[in-house]
Amino acid sequence: MSIEAAVQDQGLVIPLIDFSKFLHGTAAERAATAAAILGGFQTAGFIYLRNHAIPASTVRAVFARSADFFAQPLDAKTPLSLTDPAANRGYLRQGREKLVPPDDGRASADSTVRKEIVELKESFEIGREPDDTYENHWPEDGAVDGFREEMMGFFATCKDLHVQVMRAIAIGLGLEEKHFDGFVDGGDNTLRLLHYPQVRADVFKTNVGQVRAGEHCDYGSITLLFQDSRGGLQVKAPSGAFVDATPIPDTIVVNAGDLLARWSNNTIKSTIHRVVEPPHGADVEVFPPRYSIAYFCNPNFDRLIEAMPGTYADETDKKYEGITSGEYLFQRLAATY
């Protein structure tokens, strides 16, 4: 099966994969699609999915509701602020999150400079419902019509896609298709709404290292990223250069997180990425606002994460000790907030 490239530059090749071939195809098509998905994660850490079964109208509606939320005045959003890193729920004003680049040599030399600069974004984090420990922070009734219902419906839709992508990874690894189902059925995931406000172009010239979101890797299993048309997402290539991950209409950018890399005994890559000023001409004075939606997928918090079958020769070949998903993610979130 021929696979088109969504991105190909500086040694980075991110495949554009027709996911309908996995959802509805023949056995051969499903196997070939699964192999392409696993291959993309193993070589680039990123893939683009099209024909992924989430209607474009659904995505547009969620983007519109997200814009309505961020259009509220700050004094309406501040009471909804995230207060507990372990909960990972609520509003994050500009500068609240400190993205920490990995200390394993993958980060750029100037990433320390970037950490000292306020990133030009605000976000809103939503977790699963119901939850015995944590509650989501919702706007007051009537503040953003239909917000809670829209977001929780989308949360469930993305959870279903997470299960399907993990099934593709299982088939690609030669495991039973539902091998990971019991690891991801709890929905211990986070839906993040992101708003990068309008900003003057000269801000990026006068503030050395200014970015909208600094260099980082995601923490969990995979991330489903829905982009608007503005651009600005960049992925670090094998050459060390950052390459534009240009938005493609009606696709989802999917990347592997650090926990999936650990789970795969480092046979899957978690790749550094960032959000910078969008591609533009010399005469641009103001960048319009950018919106994106990230659905951070995680294994169930109570599951022990150890090297997957087939990713190691013997016990001495395992690169990491086992750790529960929740313990690992809470450690990472505490460093972030």
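Only a predicted model underlies this, so the values are computations on that prediction, with no experimental measurement involved.
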Count I, L, V, M, F, W, Y as connected when their side-chain heavy atoms are under 4.5 Å apart, and connections chain through other members. Are [X] and [Y] then in the same cluster?
X	Y	result
Ile323	Phe296	no
Ile3	Ile37	yes
Met166	Tyr328	yes
Ile54	Ile47	yes
Leu225	Ile293	no

State, with a plain yes or no, whether a side-chain heavy atom of [X] is found less than 4.5 Å away from one of [Y].
X	Y	result
Arg93	Glu122	no
Gln164	Phe22	yes
Asp228	Pro247	no
Ile126	Thr190	no
Phe204	Val276	no
Glu149	Phe154	no
Tyr48	Ile17	no
Tyr219	Leu333	yes

Examine distances only and state if a side-chain atom of [X] and a backbone atom of [Y] form a donor-acceptor pair shorter than 3.5 Å.
X	Y	value
Arg128	Pro130	yes
Asn136	Trp138	no
Thr78	Asp75	no
Arg290	Arg212	no
His195	Leu193	no
Asp314	Thr316	yes
Ser270	Asp258	yes
Gln10	Leu12	no

Candidates Val184, Ile252, Ile222 - the one meeting side chain to side chain contact (heavy atoms under 4.5 Å, CB included) with Val165 = Ile222

When the aromatic ring centroids of [X] and [Y] are compared, is their separation below 6.0 Å?
X	Y	value
Tyr312	Tyr320	no
Trp263	Phe180	yes
Phe155	Tyr295	yes
Phe147	Phe124	yes
His52	Phe19	no
Phe301	Phe330	yes

query = Would Asn265 and Thr267 count as a side chain to side chain donor-acceptor pair (under 3.5 Å) if you check the C-alpha gap in whole Å, the side-chain angles of each, and the deciding distance to 0.1 Å?
reply = CA-CA 6 Å; Asn265 210 33; Thr267 58; over 6 Å; no

request  = May I ask you to check if Arg303 and Phe183 form a cation-pi contact, with NZ or CZ under 6.0 angstrom from the six-membered ring centre and within 45° of the axis?
outcome  = yes

Using a strict threshold of under 4.0 Å (side-chain N to carboxylate O), is an ion pair present between [Y] and [X]?
X	Y	value
Glu125	Arg192	yes
Glu4	Arg50	yes
Arg89	Asp84	no
Arg65	Glu150	yes
Lys205	Asp202	no

State, to 0.1 Å, how close [X] and [Y] come at their nearest heavy-atom pair, and which atoms those are.
X	Y	value
Gln234	Phe242	OE1-CB, 3.4 Å
Asp188	Pro299	CB-O, 4.2 Å
Gln210	Val118	NE2-O, 3.0 Å

Using a 6.0 Å cut-off, check whether atom [atom1] of [X] has over 12 heavy atoms from anything other than its own residue.
X	atom1	value
Asp132	CG	no
Glu177	CD	yes
Lys21	NZ	no
Lys318	NZ	yes
Asp317	CG	yes

request  = For the pair His273 and Glu215, evaluate side chain to side chain contact (heavy atoms under 4.5 Å, CB included) and give the outcome as yes or no after the intermediate values.
outcome  = CA-CA 5 Å; His273 49 288; Glu215 296 177 22; over 6 Å; no

message = Using 30° and 60° as the class boundaries, would you call the ring planes of His280 and Phe287 parallel, tilted or perpendicular?
response = perpendicular

ask   = Are side-chain N/O atoms of Ser221 and Asn298 paired as donor and acceptor at under 3.5 Å?
value = no

task = Determine whether the side chains of Asp18 and Asn51 contain a donor N or O and an acceptor N or O closer than 3.5 Å.
result = yes

key: Residues Thr246, Asp244; criterion side chain to side chain donor-acceptor pair (under 3.5 Å); working and verdict   = CA-CA 5 Å; Thr246 303; Asp244 291 333; 5.3 Å; no

request  = Assess whether side chain to side chain contact (heavy atoms under 4.5 Å, CB included) is satisfied between Gln42 and Lys269, documenting all intermediate values.
outcome  = CA-CA 5 Å; Gln42 289 175 329; Lys269 291 185 177 181; over 6 Å; no

inquiry  = Quick one, Thr43 with Val13, criterion side chain to side chain contact (heavy atoms under 4.5 Å, CB included). Give me CA distance, side-chain angles, the key distance, then yes/no.
reply    = CA-CA 8 Å; Thr43 57; Val13 180; over 6 Å; no

query = Taking it one step at a time, do Glu321 and Glu306 satisfy side chain to side chain contact (heavy atoms under 4.5 Å, CB included)?
reply = CA-CA 7 Å; Glu321 294 183 358; Glu306 299 180 289; over 6 Å; no

